[in-house]
Structure formats: C-alpha cells, structure tokens
Undergrad: 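Take a look at the following structure, please.
All values derive from a computational prediction rather than experimental measurement. In what follows, every chain begins at residue 1, and chains take the letters A, B, ... in the order their sequences are listed.
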Protein chains: 2
Amino acid sequence: MSENRALKTVNLSVIKTACSNCNLRELCLPLGLNSQEMAKLEEIVSTRKRVKRGDLLYRAGQPFEALYAIRSGFFKTDVIMEDGRDQVTGFQMSGELLGLDGISSENHSCNAIALEDSEVCLIPFDYLERLSRQVPTLQNHFHKVMSREIVRDHGVMMLLGTMRAEERLAAFLLNLSQRFVARGYSPAEFYLRMTREEIGSYLGLKLETVSRSFSKFQEEGLIAVQQKHIRILDIPGLKRLMNHTPV
Amino acid sequence: MSENRALKTVNLSVIKTACSNCNLRELCLPLGLNSQEMAKLEEIVSTRKRVKRGDLLYRAGQPFEALYAIRSGFFKTDVIMEDGRDQVTGFQMSGELLGLDGISSENHSCNAIALEDSEVCLIPFDYLERLSRQVPTLQNHFHKVMSREIVRDHGVMMLLGTMRAEERLAAFLLNLSQRFVARGYSPAEFYLRMTREEIGSYLGLKLETVSRSFSKFQEEGLIAVQQKHIRILDIPGLKRLMNHTPV
DNA sequence: ATTGCGGTTTGATCCAGGTCAACGTGAATC
DNA sequence: GATTCACGTTGACCTGGATCAAACCGCAAT
C-alpha cells in the first residue's frame, strides 16, 4: 500500500507523455485519438499504481472511483457468493480495462487480483466522463470497450452453457493465444499465469478435469504442456476440436 | 418490414411526449433526467416499432444503428455458433434496453427475438451519443445501464459455472419475480413467455431437466406450475435452495 | 369432433465430469 | 541439500444431468 512518492514532479512529467509513448495505445483507451486528444487523456490518466502478485487491485463492495488500464502484468476477476462459492469471470492482460463492473452501482461488484506483479494506470471515472463529453472519439471508443466486454461475456456464457470440457479448454487456449499475438508475443508458446483451479473456475470445470484435458491434448499432439509452460502445436486441430458438435 | 406511415405528423406529436408520460421512465433510459433533459431525449426517440411474436428485432451480423427500449412485450437474445449450437443470453422485458452488444463492432452480435407481440422505442445510437455529450445525467445513466449488463452477465456466469440444476432454476424464477415486481406485477404469479427449451438454453440445461425440476419444486410445495403459468408459493424456500452449498 | 402439432411430462438408462485419494514436481526457505 | 508447501497429475469410483423414448396436453385449423 505504501508507495514511493519521492521525485513526484519528475514522475508526473514522465507520466504525462505516457499514453502517446505507450506501446499499448492501440489496444487501450487512446485508440483512435489524435495527438491533441491524446494529450487531454494524458492529463486525466496521471497516476500509476503497482500491484504485487496476489494483491487485490480492488475488492467487491468497495466504492468505485476509477477504471484501471493494465500497463503491464496479468489479472483475474472473480465474484464470490454468500455461501463461499466463487467464479472467475475473466483474465485480463496489458491494454485491457478493469473496473467496468463498478460503474452501475458505484461499488465494485467483483474482486480484481494480480496474478503477477503488475502496473495499472488509474483513470478517475468522473474525469473520463467529463473528457468523453468533449472528445467524441474517446466517447465512442469507450462505449465500444464496454460493449466488447458484453460480447465477450456472451461468449463465455456460450462456452459454459453448451460446450464440453475439452471444447472449453481449447477455446480458452485459442483465446489466450490470440490475445498474446495482439501484444506481439508468440501465438504458440506462453506461460500460464493462473493455476489449474483458476482455469477450472473460469471454465466451469474442476481442476482435475482441466489437468486431464491438458494431458489428453498432449497425448494427441495438439499441445506440449509442462506445468505452466504451454506450447500449442496444432492450432487448426484445437479449432476443429472446439466446434465439433457434441454428438 | 413495411410500416404504416400515414398520419406521420400526428404520430410524431403523440410520440414526442412519450418518455415523460411513459410509466416505464423510472426503469428505462430517462431515469434521473429533469423535464428539460427528458424533452431532448424525446426528440431522438422519435420512432416506435412493433415486433410480432416470433419475429426478429435484429439479427446477428446486421449493421448496428440503434438501441431499442422495450415499451411492451418480451424478448430473448441468443447467440449461435457456426456448428449450430445456440445459447440464450438473456430474456428482456419492458423498460430494458436491447442492442448494446452491437456497439463494439458496429454489427449486432446476437439475435433478438420477440416472445410475444411487442413494441420497442428506437434510439439511434449516434443521436444518443451526441445527446449524452450534452446531458451528463443521461451519459452517466447510460454508462450505468451498460455496466449493469456486465454485472448481470457475471451473475449468469456464476450460475452456469457453479450452480446445480435446481439452484439455477430457483435463481431464474427469483430473478423473474423481482423484475415483475419492479414493473408493478405480482412477485408470485406470472406467465412464462418462453418454452422449457429456451429456459434450458439460458440455464445450460436440457428441457427435460427444467421440466423435472419444476415438477420437483411443485412436489416440495415451493411453486405451483401448470404449463406456462407459475405461482411461487415459497420465495424464502427458493432462496434457501439457491445458495445451499452443493454438498 | 377430429386431427395435427408444438410443447411438456415422465421413465429408463448412460456417461462426462465430479469426487476422493494418492502420488509427483519444482521452487522457495532454512 | 533437506524440508516444505503449493500446485499438478493420475487412478478408481460415483452421480447429476444428458439422452432416448413414450405418452400426454392444449389449442388451432379443419
């Protein structure tokens, strides 16, 4: 919680040019803004925050004040029922926005937990609304980001409602792969930041089922797994597996 | 598709006062607006559209141009995979907004189908964005509506990911009940507009399981079912059933 | 009144994935 | 370099809900 605030002014000046220099700008909120608009956005995105692996960025029930753009690192979000059951609702990586769920009730409705040491840019929401009234491009892009989250959620519903275990896992791997590509990483080789249990929670499966499915994929030559290290050997194969009607 | 356009001016004048007179205004987009702001909103919500039972309001892939506020009636939205499997992603009733999924890609990403003869108010999206730049209350409320949809989706994920068949159905009934209450109807007695198969699709269950669970609830005195007519006899009982840890 | 038909209920059986349990593995700590 | 601990793998068995099948219900068309 205690952050190093020495050299504050230097720090701020560095940050003021952040968005325009940020190599995530094409994935993140600034998408589509001209340099003048970007400068305005930079004024409101003035603070960064480090979150250590395992720490919560925010917790369900806390008052909502800001959105967070992931500058680096990896997060999960989850919701917890009164009886203790929990569900991972998503995994978020650099360039993605956290906190959209908090707008509706002005309280966060889920927990956001860093799965590795991470850094986020803080976007005070009232400033964002004010600015997006002045900058139609930003307004429209923000609406698209929210809508995209809704579409993603529908995809997860489809996955949870109609797909079998192996289809779910294939879909999950392909989705990760795609998102890594968008960030300039290999589509075929990556480290999973989450445990089998977290994957299982997200996919509506038990960790043993996740583990068994990984092993099965490996036997079939679709992937090579060693703990958290994944190499996808046959992307088309996984795609085929994913939408093969279940009997 | 061909609509009666006779008496257009009369029609418009009638509609111009629509929002402020509409008894759904506290559930719908106008929430929180003063009369002046409401008047501006009414200018852009100038058209209504009837949708017959079974007809599509919009179809996945169609260009997105407007949101739809349900004036009366009942809808379902669903997504369809290439292999034909489909998933009902929601049931919408009066005062709720349809079409948010289309903003992100400027194409609708799901189908919206009327489950009874319905009427919707058409809200051209570019107008809405323009107006919400001028009316902060509207802007904020629209953001809350989108966020609420995200939170709802997380609830469905929780349901699909962690709950057992009977818990899902109990949650479903309680949710409908609540929403009927908000509209001034009985919390305990209503007609289901959707089939067992559609309920099943939404809840990630087969229609037989839905039917059996209804019968079980009836045996236990929790509800009285006769086809589509439901009477809830024991709301606390359903609530208890819903979050009783599964073993 | 009869037929047809979409939707619903109920029974019998099956199986994907859950549950329980034992063992492996590798990174961190002393 | 031994110990610990969280995480992962694998096997054996069990069960909730899927599947298959038959009958039933209500209403719309004739």
Side-chain angles (χ1 to χ4, degrees), chain A residues 52-54 76 85 87-88 113 115-117 159-173 191-220 223-230 241-242 244-247, chain B residues 52-54 76 85-88 113 115-117 159-173 191-220 223-230 241 244-247:
Chain A
K52 281 242 205 39
R53 180 195 151 104
K76 70 167 176 180
R85 281 180 280 180
Q87 170 79 19
V88 171
I113 298 138
L115 296 182
E116 61 181 33
D117 291 356
L159 180 146
L160 292 170
T162 75
M163 291 172 123
R164 328 191 125 245
E166 290 176 23
E167 295 177 312
R168 295 183 197 188
L169 193 62
F172 171 73
L173 290 174
Y191 279 89
L192 297 173
R193 306 303 176 178
M194 67 298 276
T195 67
R196 301 290 188 259
E197 187 168 19
E198 288 163 335
I199 298 173
S201 171
Y202 181 60
L203 299 179
L205 302 170
K206 290 292 155 182
L207 68 93
E208 293 94 331
T209 306
V210 174
S211 180
R212 271 186 251 273
S213 302
F214 272 134
S215 302
K216 180 116 181 288
F217 287 178
Q218 179 150 254
E219 278 167 37
E220 290 166 350
I223 63 172
V225 221
Q226 202 185 14
Q227 307 279 121
K228 291 189 147 55
H229 180 220
I230 299 278
L241 197 152
M242 202 187 85
H244 236 321
T245 316
V247 179
Chain B
K52 279 243 208 39
R53 178 194 151 103
K76 71 167 177 182
R85 279 182 280 181
D86 69 326
Q87 169 81 17
V88 170
I113 298 138
L115 296 183
E116 61 182 31
D117 291 356
L159 181 146
L160 292 170
T162 75
M163 292 171 123
R164 324 187 129 247
E166 290 175 23
E167 296 176 312
R168 296 184 197 188
L169 193 62
F172 172 72
L173 289 174
Y191 279 89
L192 298 172
R193 306 303 178 178
M194 67 297 276
T195 66
R196 302 290 188 259
E197 187 167 20
E198 286 162 339
I199 297 172
S201 170
Y202 181 59
L203 299 178
L205 302 170
K206 291 294 156 181
L207 67 95
E208 293 94 330
T209 305
V210 173
S211 179
R212 272 186 250 274
S213 302
F214 271 134
S215 302
K216 179 115 179 290
F217 287 179
Q218 178 150 253
E219 278 166 36
E220 290 166 351
I223 64 172
V225 220
Q226 201 185 15
Q227 305 282 121
K228 292 187 146 57
H229 179 221
I230 301 277
L241 198 153
H244 237 321
T245 318
V247 182

Undergrad: Using whole Å, what does the distance between atom P of nucleotide C/dG7 and atom CG of B/L192 come to?
TA: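 Nearest whole value for this atom pair: 14 Å.
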Undergrad: Is B/G200 touching bases, backbone alone, or none of the nucleic acid, heavy atoms closer than 4.0 Å?
TA: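 No contact at all - B/G200 keeps every heavy atom at 4.0 Å or more from the nucleic acid.
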Undergrad: Could you check whether the side chain of B/R168 and the base of D/dG17 have a donor-acceptor pair of N or O atoms closer than 3.5 Å, going by distance alone?
TA: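 For B/R168, whose side chain was compared with the base of D/dG17, there is no donor-acceptor pair (under 3.5 Å).
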Undergrad: Decide side-chain contact (heavy atoms from CB on, under 4.5 Å) for B/L160 and B/Q87; before the verdict, give the C-alpha distance in whole Å, the side-chain angles of both, and the deciding distance to 0.1 Å.
TA: CA-CA 12 Å; B/L160 292 170; B/Q87 169 81 17; 4.1 Å; yes
Undergrad: Starting at the 5' end of DNA chain C and moving along, which residue's nearest nucleotide shows up first, A/A165 or B/E197?
TA: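 Closer to the 5' end of DNA chain C: B/E197.
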Undergrad: OP1 or OP2 of C/dT19 sitting under 4.0 Å from any side-chain N/O of A/K206?
TA: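 Affirmative; the distance criterion is met.
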Undergrad: Is the number of heavy atoms from other residues, nucleotides or ligands under 6.0 Å of B/E208 CD greater than 12?
TA: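 Yes - once you tally the heavy atoms of other residues, nucleotides and ligands closer than 6.0 Å, there are more than 12.
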Undergrad: Considering just the side-chain nitrogens and oxygens of B/T209, establish if one lies under 4.0 Å of OP1 or OP2 belonging to D/dA18.
TA: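 Result: yes.
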Undergrad: Calculate the interatomic distance between A/I230 atom CD1 and D/dT9 atom C1'; express it in whole Å.
TA: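 Between C1' of D/dT9 and CD1 of A/I230: 14 Å.
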Undergrad: So with a 6.0 Å cut-off around CD of B/E116, is the heavy-atom count from everything else above 12?
TA: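 Enclosed.
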Undergrad: Over how many whole Å does the gap from B/R212 atom CZ to D/dC20 atom P extend?
TA: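 Rounding to the nearest Å, CZ of B/R212 and P of D/dC20 are 13 Å apart.
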Undergrad: Walk me through whether A/F214 and A/L192 qualify under side-chain contact (heavy atoms from CB on, under 4.5 Å).
TA: CA-CA 12 Å; A/F214 272 134; A/L192 297 173; 3.9 Å; yes
Undergrad: Look at the side chain of A/Q227 against the base of D/dC7 and say whether a donor-acceptor pair falls under 3.5 Å; ignore hydrogens and angles.
TA: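 In this structure, the two groups form no donor-acceptor pair.
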Undergrad: Provide, to the nearest angstrom, the distance between the CD atom belonging to A/E208 and the P atom belonging to C/dG24.
TA: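 From A/E208 CD to C/dG24 P: 17 Å.
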Undergrad: Roughly how many Å is it from CD1 in A/I199 to P in D/dA6, rounded to a whole number?
TA: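 Going from CD1 in A/I199 over to P in D/dA6 covers 19 Å.
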Undergrad: Reckon A/S211 touches a base, only the sugar-phosphate, or nothing at all at heavy-atom distances under 4.0 Å?
TA: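 Result for A/S211 = base.
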Undergrad: A/R164 has an atom CZ; how far is it from atom C1' of C/dC14, in whole Å?
TA: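 For the pair A/R164 CZ and C/dC14 C1', the rounded distance is 12 Å.
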Undergrad: Rounded to whole Å, how long is the line connecting atom CD of A/Q226 with atom C1' of C/dG26?
TA: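 Whole-Å distance recorded here is 10 Å.
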Undergrad: Please determine whether a side-chain nitrogen or oxygen atom of A/K228 lies at a distance below 4.0 Å from atom OP1 or OP2 of D/dG8.
TA: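 Yes, A/K228 has a side-chain N/O under 4.0 Å of OP1/OP2 on D/dG8.
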Undergrad: Given the rule in the side-chain contact (heavy atoms from CB on, under 4.5 Å) test, do B/E198 and B/T195 qualify, once you have shown the distances and angles that lead to the verdict?
TA: CA-CA 5 Å; B/E198 286 162 339; B/T195 66; 3.5 Å; yes
Undergrad: Report yes if a donor N or O on one partner sits less than 3.5 Å from an acceptor N or O on the other, where the partners are the side chain of A/R196 and the base of C/dT25; otherwise report no.
TA: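 No, no donor-acceptor pair under 3.5 Å.
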Undergrad: Between atom OH in B/Y191 and atom P in D/dG26, what is the gap in whole Å?
TA: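 Atom-to-atom, B/Y191 to D/dG26, this comes out as 12 Å.
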Undergrad: At 4.0 Å (heavy atoms only), tell me whether B/L205 reaches a base, stays on the sugar-phosphate, or touches nothing.
TA: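 Counting heavy atoms under 4.0 Å across all strands, the contact made by B/L205 is with sugar-phosphate only.
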